Amino acid sequence: MEERYQPEEVEPKWQAYWKEKKLFKVSEDTSKEKYYLLEMFPYPSGKIHIGHVRNYTIGDVVVRYKRMKGFNVLHPMGWDAFGMPAENAAIDNNTHPAAWTYDNISAMRAQLKRMGFSYDWDREIATCRPEYYKWEQWLFLKMLEKGMAYRKESYVNWCEKCQTVLANEQVEQDRCWRCSRTVQQKKLWQWFFKITDYAEDLLVHCDQLPGWPDKVTVMQKNWIGRSVGSQLTFKIHDRDENIEVFTTRPDTVFGATFMCLAPEHPLVETLCLGTSREEEVNAFVQKVSSQERSAAGIEKYDKEGVFTGAFCINPATLEKIPIYTANFVLMEYGTGAIMSVPAGDQRDFDFARKYNLDIRVVVQPENETLDPETMTQAYTGPGTMVNSGEFNGLDNTIAIDVMTDWLEKQGLGKKTISYRLRDWGISRQRYWGAPIPVIHCPDCGVVPVPEADLPIQLPEDANLLEKGGSPLPTLDFFARTTCPACGRKDARRDTDTMDTFVESSWYYLRYCSPRYDRGMFDPEAVKYWAPVDQYIGGVEHAVLHLLYSRYFMRVLNTLGMIDFKEPFSRLLTQGMVCKETTTCPEHGYLFPEETRKIESGKLVCVKCNNDVEVGRVIKMSKSKKNVVDPNELLEKYGADVTRLFSLFAAPPERDLEWNEDGVEGSNRFVNRVWRLVLDWLDKIETGNSKSDDNLEPYTGAASNLKSDPAKALYIKANQTIQKVTDDIDKSFHFNTAISAVMELVNDLYAVDTKTHDSELQAVVLFCLENILLLLAPIIPHFCEELFQRLGKKGSVLECPWPEYRTDSLKTDEVLVVVQVNGKLRSKFTIEADKNEAVIREIALSDEKIKKYIENKPLKKVIIIRKKQTLVNIVV
RNA sequence: GCCGAAGUGGUGGAAUUGGUAGACACGCUAGACUUAGGAUCUAGUACCGCGAGGUGUGGAGGUUCAAGUCCUCUCUUCGGUACCA
């Protein structure tokens, strides 16, 4: 008998067995309840890291558990294979993005297989394959036809390093989400998806996603950013034109003493055209356009503006007020124009003070009197209307509606809802992506590629440009084409590719019928499997992938292709796996171990001896150079111990600072179970496989591990089954599930293996079998092996999940905890059926308790008999 | 600034509805078995105190027979977001 668990022999053996028996291959089966579990598919960056291991282990445990519970479980895996790192790597290593990507996929697939994850590999997809993106192009054309996709020229986020446009969701704190470079605004013609059409629907349904963490729905709600207000019309003085403003405070309209336009506002140029102000205004607009509109930039630049020379009419006071253009007004939000109420808005107040503009108080707070001359800041709170004509005296919160109605009657206002969410810009000036299937014809304009011509294949014989830009516009054989509408020979293809988030917005539907060639997916397969019952991934996609996916399902729903709107019924956002990283100003992110050198008490970079920033604990990421490769763990301990350890470290939603100190403990536990089972296997008179039947007499029996180990163990086993089932099913708290099994194992170690008590042997066997069943989802190879050695036929994964007996969860003896004035003073055990009077009597006559209550009047005795039995004596 | 989450031993973390704080591990200490062990087993391990006992869940109050858990205020850390009118 081997002393230790040998993963290098056992794990490949069972992986081969699962493969041979096709245990993870699934198909639609209406006789069974379906369960679709999905982890966010990886980008094939080269190697899996510990974060992937944690993510996929969580999913795999649930999948294996659900299978044992009798569900027909879909658990696919694939590759989010388009994207920039492939291009960068190709330039660096003088290879092709496709070659690099497919090599990485092979390497990562092998690693995932080695982890023993239960994927149906027959459903594997890679988004860079034409069979996949053909349908994405098809959908693009459908959306174009329905007006859901459109092209416009606008200011967009441009990353100079990545040489491409980015969606708003892909800009983090004004930096590129990939390379962290500060983005610029650039005016370009771009394709957009009209996600704003669904702003309200996406928002409303945030509250109807009970299976999602609040954190994520709150982030989505904030991102969508609905604000209710009014759109008011200000007539321009001496012109037959109007300016529309959006405000959430129509009650303050009497206080609007000037107007501010965004520098990009079309009226800015025309208002001052040919006037003496023209030069100054243009200079200002020029200046602002070169300012960074970043958080840092905003700190740097004061609020400033220039007078356009024009005036407009305040619709409430009918006064002429000056029109300014100011750097703090955003063209993209609302209408790009604001009515400035300095008394009620801090920015307007600062601006008014700076340029000596009128301040008029229109909302007076209850306990003070604001004076425009002396006030030092704007007042934004509630109050009573003043200086507002017929509305004086009204509560301002009431005035909001009243005044909106009043303006509306004059045709000068209407209630509006503004959203922060903007349309999704999907054009990317990159090579490694799905080509946008349209043709630009000098005569016909934008012409969609005919469906029969799909897919528009990305040409593989392309050399990437040194500076990182896309080679597609330079490839004549690709870019030059014939207009499908008029036949003109010098039409050009659109040489932009789609944002890679487009691929990931619908891949989970493709898994339902991955080889289907008559559409994006087989409607029948999707009807059976979708939506995803449980989705697992990082919270970093809260307003990226998770929002885009919800949008895409609404598009498909509108197109009549699916009958649901929400892609993921339940969502688990697993915590990030973090690791310290050190930053050297010269050498960038450095892996801590290599860089740590302490010289005269200071941390210095090994390469340059410069002081380095003390390590920050941040998410593992290849670009931050703080990833831990799981291969070392796999080599030393095998897949099962690695799986066990990653689950035992913390509950899944919690962030985790990676630390391998505990892995020995997991290894120890696995080997403890190994020895336990094999030791007993030698001793127990086998043939006793119907152990369950022999255990009937134990139900509800009194028990104590020392006096009656058989009964005590039987109850403990039932409690363990209940605990593990609840932990996996209800909360995904695998760490406590594992600790429950550890407790049972510890109890079993207290039983003398030399016993000849056949009842006890039967209970031990019952415990051992159940331990293997309970651990099977977590450490599957290990459990298969021991299950087989116990003489069982077939796979442990095909066994039903153990059930516990509700009548065998409680012992007949209970522990009574005695408190005096709320402080624990004594404990004793008693038969569970004793009544309260008896318990009270024993508690009060307890020697230790007597000491505390002597000579003091007894006020109250409280007896609680719930999970615990507790007596609290109040004196 | 606004929104959200989290603060528990030396460490990771336990603790349905308020009811024995620290399960289960890591680490550490001692012992056993070993030629040896980084194998295994046994015992101990929140803090202060020789002890009886006292103190303890970021801090300060409060409700309660009883608070890690509920309420008020506050501090810290992390995440999201931000001239959003």
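Residue numbering restarts at 1 for every chain, and letters A, B, ... go by the order of the sequence lines. Values in this document were obtained by computation on a predicted structure and should not be read as measured data.
Listed pair A:Arg420 / B:A82 meets the phosphate criterion, a side-chain N or O lying under 4.0 Å from OP1 or OP2. Here A:Arg865 does not reach the OP1 or OP2 of B:G19: none of its side-chain N or O atoms lies under 4.0 Å away. Between A:Arg654 and B:A14 there is a side-chain N or O to OP1 or OP2 distance below 4.0 Å.
Using C1' as the reference atom, B:G4 and B:G53 are 44 Å apart when rounded to the nearest Å. Spacing of C1' atoms, B:G68 relative to B:G58, comes out at 12 Å, to the nearest Å. Comparing B:A21 with B:U69, their P atoms are spaced 14 Å from each other, to the whole Å. Using P as the reference atom, B:C3 and B:G13 are 28 Å apart when rounded to the nearest Å. When the P atom is used for both B:G51 and B:U17, the distance is 37 Å, rounded to whole Å. Taking atom C1' on both B:G49 and B:U55, the two are 11 Å apart, rounded to the nearest angstrom. Of the P atoms belonging to B:U8 and B:A14, the separation is 12 Å, rounded to the nearest Å. Nucleotides B:A46 and B:G80, compared at atom C1', are 36 Å apart to the nearest Å.
We find that OH of A:Tyr324 is positioned 19 Å from C1' of B:A85, with the value rounded to whole Å. Residue A:Lys716 contributes atom NZ, which lies 9 Å from atom C1' of B:A23 at whole-angstrom precision. Atom-to-atom, CG of A:Asp345 to P of B:G1 comes out at 18 Å; the value is rounded to the nearest Å. Between the C1' atom of B:C78 and the CG atom of A:Leu656 lies a distance of 15 Å, rounded to the nearest Å. Straight-line distance from the CG atom of A:Leu421 to the P atom of B:U81: 14 Å, rounded to whole Å. We find that CD of A:Gln722 is positioned 13 Å from P of B:U16, with the value rounded to whole Å. Remark: C1' of B:A85 and OH of A:Tyr419 are 17 Å apart, rounded to the nearest angstrom. Look at OH on A:Tyr5: it is 16 Å from P on B:U40, rounded to the nearest Å.
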Can you give one letter per nucleotide of nucleotides 24-30 of chain B, 5' to 3': B if a protein heavy atom sits under 4.0 Å from the base, S if only from the sugar-phosphate, - if neither?
BSSS---
Scan nucleotides 60-71 of chain B nucleotide by nucleotide, 5' to 3', and note B when protein non-hydrogen atoms come under 4.0 Å of the base, S if they reach only the sugar-phosphate, - if neither.
-----BS-----
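Judged by distance alone, the side chains of A:Asn746 and A:Arg672 do bring a donor and an acceptor atom under 3.5 Å apart. Checked by atom type, the side-chain pair A:Asn242/A:Thr233 shows no donor-acceptor distance below 3.5 Å. Counted by atom type alone, A:Arg550 and A:Gln220 present one or more donor-acceptor pairs between their side chains at under 3.5 Å.
Looking at residues two or more places apart in sequence or on another chain, you find a side-chain contact (heavy atoms from CB on, under 4.5 Å) between A:Ala740 and A:Thr720, A:Lys723, A:Val724. Under the rule for a ring pair (Phe, Tyr, Trp, His ring centres under 6.0 Å), A:Trp223 has no partner lying at least two apart in sequence or in another chain. Remark: A:Tyr548 engages A:Trp424, A:Phe501 in a ring pair (Phe, Tyr, Trp, His ring centres under 6.0 Å) (not counting sequence neighbours). Applying the ring pair (Phe, Tyr, Trp, His ring centres under 6.0 Å) rule to A:His545 yields the partners A:Tyr535, A:His541; only residues at least two apart in sequence or on another chain are considered. Residues forming a ring pair (Phe, Tyr, Trp, His ring centres under 6.0 Å) with A:Trp212 (at least two apart in sequence, or on another chain): none. In this structure, the side-chain hydrogen bond (donor to acceptor under 3.5 Å, both in side chains) partners of A:Tyr333, at least two apart in sequence or on a different chain, are A:Ser227. In this structure, A:Thr829 has no side-chain hydrogen bond (donor to acceptor under 3.5 Å, both in side chains) partners at least two apart in sequence or on a different chain.
Annotation: side chain of A:Leu774 is in contact with side chain of A:Ile721 (closest heavy-atom distance under 4.5 Å).
The residue A:Lys823 sits close only to the backbone: its heavy atoms come under 4.0 Å of sugar-phosphate atoms, none of a base.
Residue A:Lys215 is the one, among A:Tyr333 and A:Lys215, whose nearest nucleotide of RNA chain B lies closer to the 5' end (criterion: closest heavy atom).
Checked against B:U20, B:C41, B:G13, the side chain of A:Val817 finds its nearest nucleotide in B:U20. Between B:U20, B:A85, B:G12, one nucleotide has an atom nearer to the side chain of A:Leu824 than all others, and that is B:U20. Looking at the side chain of A:Asn327, the nearest of the listed nucleotides B:A82, B:U40, B:C83 is B:C83.
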Protein-nucleotides 49-53 of chain B N/O pairs under 3.5 Å:
{"residue": "B:G53", "atom": "OP1", "partner": "A:Lys851", "partner atom": "NZ", "Å": "3.3"}
{"residue": "B:G53", "atom": "OP1", "partner": "A:Tyr852", "partner atom": "OH", "Å": "3.1"}

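Sequence neighbours left out, not one pair with a member in residues 657-670 of chain A passes salt bridge (Lys or Arg N to Asp or Glu O under 4.0 Å).
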As a check on the pairing definition, encode RNA chain B in dot-bracket form, counting Watson-Crick and G-U wobble pairs whose two distances are under 3.5 Å, and using | for partners outside this strand.
(((((((..(((......[....)))((((((.......))))))(((....)))..(((((..]....))))))))))))....
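Residues A:Glu200 and A:Arg226 are paired through a salt bridge, judged by an N-O separation under 4.0 Å between the basic side chain and the carboxylate.
Panel note: side chain A:Lys579, backbone A:Val628; no donor-acceptor pair is recorded below 3.5 Å.
Classification of B:G44 as anti follows from a glycosidic angle more than 90° from 0.
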Could you walk me through whether A:Gln719 and A:Leu744 satisfy the side-chain contact (heavy atoms from CB on, under 4.5 Å) test, starting with their C-alpha distance in whole Å, then the side-chain angles of each, then the deciding distance to 0.1 Å, before giving a yes or no?
CA-CA 9 Å; A:Gln719 290 170 336; A:Leu744 180 57; over 6 Å; no
Verify side-chain hydrogen bond (donor to acceptor under 3.5 Å, both in side chains) between A:Asp350 and A:Gln346, making sure each step is shown before the conclusion.
CA-CA 6 Å; A:Asp350 294 343; A:Gln346 192 57 40; 3.1 Å; yes
